[in-house]
Amino acid sequence: MTPPAIMWFRRDLRLSDHPALLAAADSGEVLPLFVLDDRLLGPAGEPRKHFLYDCLRALDHDLGGRLHIAHGDPVKVVPEIARKLGAGSVHVSADTGPYGRERDEQVRTALGDIDFVRTGSPYAVTPGRVRKQDGEPYRVFTPFRRAWLDHGWRKPAKSGVDSARWTTLKGGRKIPAGKSELPAGERAALQVWADFRDGALADYDAGRDRPDRNGTSYLSAYLRWGCVHPRTLLADLGPGNETFRSELAWREFYADVLWHQPRTARENYDRKFDKFEHDSGRTAQRRFEAWCEGRTGYPVVDAGMRQLLAENWMHNRVRMIVASFLVKDLHVPWWWGARHFMRNLIDGDLASNQHNWQWVAGCGTDAAPYFRIFNPITQGEKFDPNGDYVRKYVPELRGVQGKAVHKLDKLPGEYPAPIVDHADERRVSLERYDAIRT
DNA sequence: CGTCTGTTGAT
DNA sequence: TCAACAGAC
């Protein structure tokens, strides 16, 4: 029997929002499909891929082993399969991640006579919907957030999935201190959410900035792969959870920005930064490599970069610190760092990642003022006051007691000397920003 | 989602 | 000597 429809799981690997789909899949009326493209493959054995594979395995389990996994460029593969099966329609979430408006149009064109049906999106408000009075997209976060809240969203779908069918993740580690492993799938996502909601959320305002603690939600990877829908989270939030709601709003804002301007995944949102002077050549390359490998000689920076390599995840506060360091102390183009993040982060999302980098670099929407340059030492002392985070990821510094891990002149010889002087490079950055100011 | 500098007033 | 704060970048 030929499936009359294809349900293409692009990055929404959950079923609770699609109870009808489950029934349709059971009866064979729908072919659930996931397409692995080259970007999702990468070198074998990469933990990020394990997470995705585990998510797919969980989804496949929930679908009773009916998930079809194809490989290649979705723009080619999806229409091929649709034709081969004689499918009448392809259903997929709209406008997400790298597959923004442009990609969707390519797919629609390639499908020809076959219907291309959007089934929603992994956002509370589908990108492109929140507009200013004049119909233009918002360029500044705060008014966007206001309008986004006013726009509202429907309640999350009542789970139509028999919870007994959900993959039980036996042996899947709980989100522990500095989790190095995330259990995959929808059920795990909901468990992580419940843990956070009933725990760290109460102290989120201050707690989220402490990399030495478990104050963040650890939901980014689940949101990235669509294991949980943001509406499910939003529905649980109360009036006291403004900060966490804002974090979700940032995710929606950047998805909206990228949807309107796909070029900003690679280029400066603010074009006057196209003239900004970066370092290049061998020195920049060497410094970039030192940054990637976590041997810049600045403890918090190195701890963060090593956490990224070890766990394919980095605490958000530390992401800001290392990003600021790369751009403003090493004078490397933001997209070098953004690419390194995308290649290594389990939660790497094109919209959030690229635009947060642009925010740090000062060239993005609503960007940080150019003069806002993090002092990596002060940041370390402020947010890792006892040095626990640094010691955890930088073995050379394990013998250094307490907050002394942040004192550059008191570090042991086996730890790298600072590759640059922060005060000097700060001045260089300010001069270069000055040069492009209009 | 910052830092630096200078000022003030308390210790 | 230093916390707290304002203003500039």
Side-chain angles (χ1 to χ4, degrees), chain A residues 140-146 200-201 203-220 241-254 257 269-270 272-273 276-277 298-301 303-304 307 313-331 334 337-338 341 347 349 351-385 389 403 406-408 418 420-438:
Chain A
V140 180
F141 172 69
T142 308
F144 171 87
R145 182 175 153 278
R146 178 82 264 145
L201 178 60
D203 186 40
Y204 188 68
D205 276 38
R208 74 200 167 115
D209 268 334
R210 291 291 296 272
D212 55 339
R213 298 184 185 161
N214 296 315
T216 60
S217 70
Y218 295 107
L219 284 166
S220 52
N241 308 127
E242 236 25 82
T243 309
F244 186 73
R245 197 176 0 254
S246 274
E247 295 305 314
L248 293 175
W250 276 106
R251 177 176 176 275
E252 309 250 335
F253 176 53
Y254 284 147
V257 172
Y269 180 89
D270 180 349
K272 83 169 173 288
F273 275 79
F276 186 82
E277 181 190 353
Y298 283 85
V300 192
V301 175
Q307 180 181 26
W313 189 84
M314 197 195 303
H315 187 279
N316 182 251
R317 166 56 54 173
V318 187
R319 292 188 200 195
M320 290 193 276
I321 300 171
V322 302
S324 178
F325 188 81
L326 185 73
V327 169
K328 295 177 180 179
D329 289 67
L330 302 184
H331 316 299
W334 64 263
F341 269 32
D347 59 16
D349 173 274
S352 297
N353 187 62
Q354 310 304 87
H355 286 110
N356 273 306
W357 270 93
Q358 297 217 38
W359 181 87
V360 170
C363 56
T365 7
D366 209 11
Y370 73 92
F371 47 78
R372 195 176 282 164
I373 296 174
F374 283 50
N375 180 324
I377 301 302
T378 314
Q379 289 282 315
E381 290 171 340
K382 196 167 167 190
F383 298 112
D384 181 30
Y389 177 77
K403 59 185 180 183
H406 299 299
K407 302 281 181 209
L408 291 189
V420 293
D421 179 85
H422 172 66
D424 292 347
E425 304 308 335
R426 177 176 186 272
R427 273 189 293 273
V428 171
S429 270
L430 289 173
E431 282 164 19
R432 292 187 186 180
Y433 279 114
D434 227 29
I436 61 159
R437 267 168 78 189
T438 46

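Protein chains get the first letters and strands the later ones, always in sequence-line order, with residue 1 at the start of each.
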Answer yes or no: is there an ion pair linking A/E247 with A/R208, defined by an N-O contact shorter than 4.0 Å?
yes
Which residue pairs satisfy the side-chain hydrogen bond (donor to acceptor under 3.5 Å, both in side chains) criterion with at least one member in residues 315-327 of chain A, sequence neighbours excluded?
A/D209-A/R317, A/R317-A/Q379, A/R319-A/D347
Are the aromatic rings of A/Y218 and A/W313 close, with centres under 6.0 Å apart?
yes
Would you please confirm or rule out a distance under 4.0 Å between OP1 or OP2 of B/dT3 and any side-chain N or O of A/Q379?
yes
Between C1' on B/dG2 and NE2 on A/H422, what's the gap in Å once rounded to a whole number?
10 Å
Starting from C1' on B/dC1, measure out to CZ on A/F383 and report it in whole angstrom.
7 Å
Does the distance from a Lys or Arg side-chain N to an Asp or Glu carboxylate O, for A/E252 and A/R245, drop under 4.0 Å?
no
Would you indicate which nucleotide in B/dC4, B/dC1, B/dG2 comes nearest to any side-chain atom of A/W250?
B/dC1
To the side chain of A/M320, which of B/dC1, B/dG2, B/dC4 is closest?
B/dC1
Separation of atom CZ in A/F374 from atom C1' in B/dT3, rounded to whole Å
11 Å
Residues in salt bridge (charged side-chain N to carboxylate O under 4.0 Å, His left out) with A/E425, at least two apart?
none
Using heavy atoms and a sub-4.0 Å distance, could you list which residues of residues 358-366 of chain A are near DNA chain B? By number, please.
none
Nearest whole angstrom, please: distance from the C1' of B/dC4 to the CZ of A/R372.
14 Å
List the residues meeting ring pair (Phe, Tyr, Trp, His ring centres under 6.0 Å) with A/Y433, not counting sequence neighbours, and say none if there are none.
A/F273, A/F276, A/Y370
Would you tabulate the pairs of protein nitrogen or oxygen atoms and nucleotide nitrogen or oxygen atoms of nucleotides 5-9 of chain C closer than 3.5 angstrom?
none

Sugar-phosphate, base or nothing in reach of A/E431, heavy atoms under 4.0 Å
nothing
Name all residues meeting the ring pair (Phe, Tyr, Trp, His ring centres under 6.0 Å) criterion together with A/F383; count only those two or more places apart in sequence or in a different chain, and write none if there are none.
none
